[in-house]
Student: 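What follows is a structure written as structure tokens; I'll ask about it next.
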Amino acid sequence: MTIVDTPERRQLRELTRSFVTREVLPHLAGWERAGEVPRSLHETAAKIGLLGIGFPESVGGSGGDLLDSMVVTEEIIRSGGSSGLVAALFTHGIALPHIVAARNEHLTERYVRPTLAGTMIGALAITEPDGGSDVAGIRTCAVRDGDHYVVNGAKTYITSGIRADFVTTAVCTDFPGSGSLSLLVIDKGSPGFTVGSRLEKLGWHCSDTAELSFVDVRVPVTNRVGPEDTGFLAIMQQFAIERLSLATQAYATAQRCVDLAVRWCRDRSTFGRPLVGRQVVRHKLAEMHSRTDAARAYVHDVAERVAAGQPVVTEVAMAKNVAVATCDWVVDAALQLHGGFGYMRDAEVERHYRDARLLGIGGGTTEIMNEIIAKGMGL
Ligand SMILES: Cc1cc2nc3c(=O)[nH]c(=O)nc-3n(C[C@H](O)[C@H](O)[C@H](O)COP(=O)(O)OP(=O)(O)OC[C@H]3O[C@@H](n4cnc5c(N)ncnc54)[C@H](O)[C@@H]3O)c2cc1C
């Protein structure tokens, strides 16, 4: 029995699988076309306790730890969901943890509980039009004016930004680019806060993505997460969870593509024989399976160390890069094995091929992960 194969986690898989089968699969193609998932999906997921997995019951969550969240992600994708769906439905996984960690009662009651109950949607806004990798270079600024901050600037590529009721926003509380960052929770509808039109993109079609603009937006000081100028550290601490989530989406997508490819290669015949009857095809499937299993084992190992509180920043970066490289290779091979059908919108593997491309960009790019790894090596 592995760490993610306990009786409780098997139950969690079963719950997730039936949720995906009943509530997601009949509608996913429509949501991909619509460019978003409905709010009602959040409420349904909350009612059965899925939305709150990984958050303590004391803030309205369902309990469980990082590995439980990973089990949910694995099972959503294994059951025919997608990384885009995970991004859209679980955006609170990046929007809330800083607030929870700050143990702020006011912000917990106002934003965390309603979000975990599925009645609010949150987003996290760090990236700006001028750059996303250089977090310390953020130029959106918040200037103190009595018991408010006045915020000016812009954010881009923000997941769930179209639908979000509030945005956990990284702002500079000194001069632009100074690296003195704070996090402010900004309400949709605040005067001067504008949400741009839905951004069209290669994949993650069911996950809405937005540009946000802030012009003299007044935000109460009580909406600051943690003390002033601690935002950079808070962002870096929570990046570990986001990166492991993306690593999980990567190996889970690879696993789903292995499963789809095996099924296809059994059913599809060429020159009078099933594809799986050719040694070259069997070996390709064997390699896809082996690489996926190795990536999963490594990500699980690093996640266990993170859950145990070990300082494994370098290993988290390596886990993300290993899982993403595996996913990129496997989805490409799976699409190729599907032939012309793999290129069709009706083929599930086509969606994974497009969705997977984001995993090496979001939450810190492959190159930025390599910078962290090189630093960990003392280079
Ligand atoms: C679909 C989608 C959803 C997203 N959701 C969110 C969200 O919810 N919230 C949010 O804040 N952001 C979000 N992002 C933004 C994402 O985190 C950034 O795109 C990412 O961090 C890269 O930043 P950038 O696009 O500005 O690229 P840049 O930082 O401009 O980098 C461009 C290229 O240069 C490389 N590069 C940069 N610096 C170095 C260096 N020092 N050495 C070597 N190479 C380097 C990068 O790896 C990249 O290949 C999302 C992006 C996408 C596409």
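In each ligand, atom 1 is the first atom listed, and ligand 1 is the first ligand listed.
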Student: Could you tell me which residues satisfy side-chain hydrogen bond (donor to acceptor under 3.5 Å, both in side chains) with Glu348, sequence neighbours excluded, listed by chain and number?
Tutor: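 Here the qualifying residues are Arg256, His352.
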Student: Please walk me through it: do Asp5 and Arg9 pass salt bridge (charged side-chain N to carboxylate O under 4.0 Å, His left out)?
Tutor: CA-CA 6 Å; Asp5 192 29; Arg9 287 182 173 141; over 6 Å; no
Student: How long is the straight-line distance from OG1 of Thr292 back to OH of Tyr251, given to the nearest 0.5 Å?
Tutor: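 Tyr251 OH to Thr292 OG1: 11.0 Å, rounded to 0.5 Å.
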Student: Need the list: ligand 1 N/O atoms against protein N/O atoms, distance under 3.5 Å, rounded to one decimal.
Tutor:
residue  : atom   : partner : partner atom : Å
ligand 1 : 5 (N)  : Tyr157  : O            : 2.8
ligand 1 : 5 (N)  : Thr159  : OG1          : 2.8
ligand 1 : 8 (O)  : Thr159  : N            : 3.0
ligand 1 : 8 (O)  : Thr159  : OG1          : 3.4
ligand 1 : 9 (N)  : Leu124  : O            : 2.8
ligand 1 : 11 (O) : Ile126  : N            : 2.8
ligand 1 : 11 (O) : Thr127  : N            : 2.9
ligand 1 : 11 (O) : Thr127  : OG1          : 3.2
ligand 1 : 12 (N) : Thr127  : OG1          : 2.7
ligand 1 : 14 (N) : Tyr157  : O            : 3.3
ligand 1 : 26 (O) : Gly132  : N            : 2.6
ligand 1 : 29 (O) : Ser133  : N            : 3.0
ligand 1 : 29 (O) : Ser133  : OG           : 2.6
ligand 1 : 47 (O) : Thr365  : OG1          : 2.6
ligand 1 : 47 (O) : Glu367  : OE1          : 2.7

Student: Identify, with sequence neighbours excluded, every residue that meets side-chain contact (heavy atoms from CB on, under 4.5 Å) alongside Arg278.
Tutor: Thr270, Phe271, Arg273, Val280, Val281
Student: Applying the side chain to side chain contact (heavy atoms under 4.5 Å, CB included) test to Phe239, which of Ile372, Val316, Val135 qualifies?
Tutor: Val135
Student: Would you give me the side-chain donor-acceptor pairs under 3.5 Å for residues 317-339, sequence neighbours excluded?
Tutor:
residue : atom : partner : partner atom : Å
Lys320  : NZ   : Leu359  : O            : 2.8
Lys320  : NZ   : Gly362  : O            : 3.0
Lys320  : NZ   : Gly364  : O            : 2.8
Asn321  : ND2  : Thr366  : O            : 3.3
Asn321  : ND2  : Asn370  : OD1          : 3.1
Thr326  : OG1  : Val322  : O            : 2.8
His338  : ND1  : Ala334  : O            : 2.8

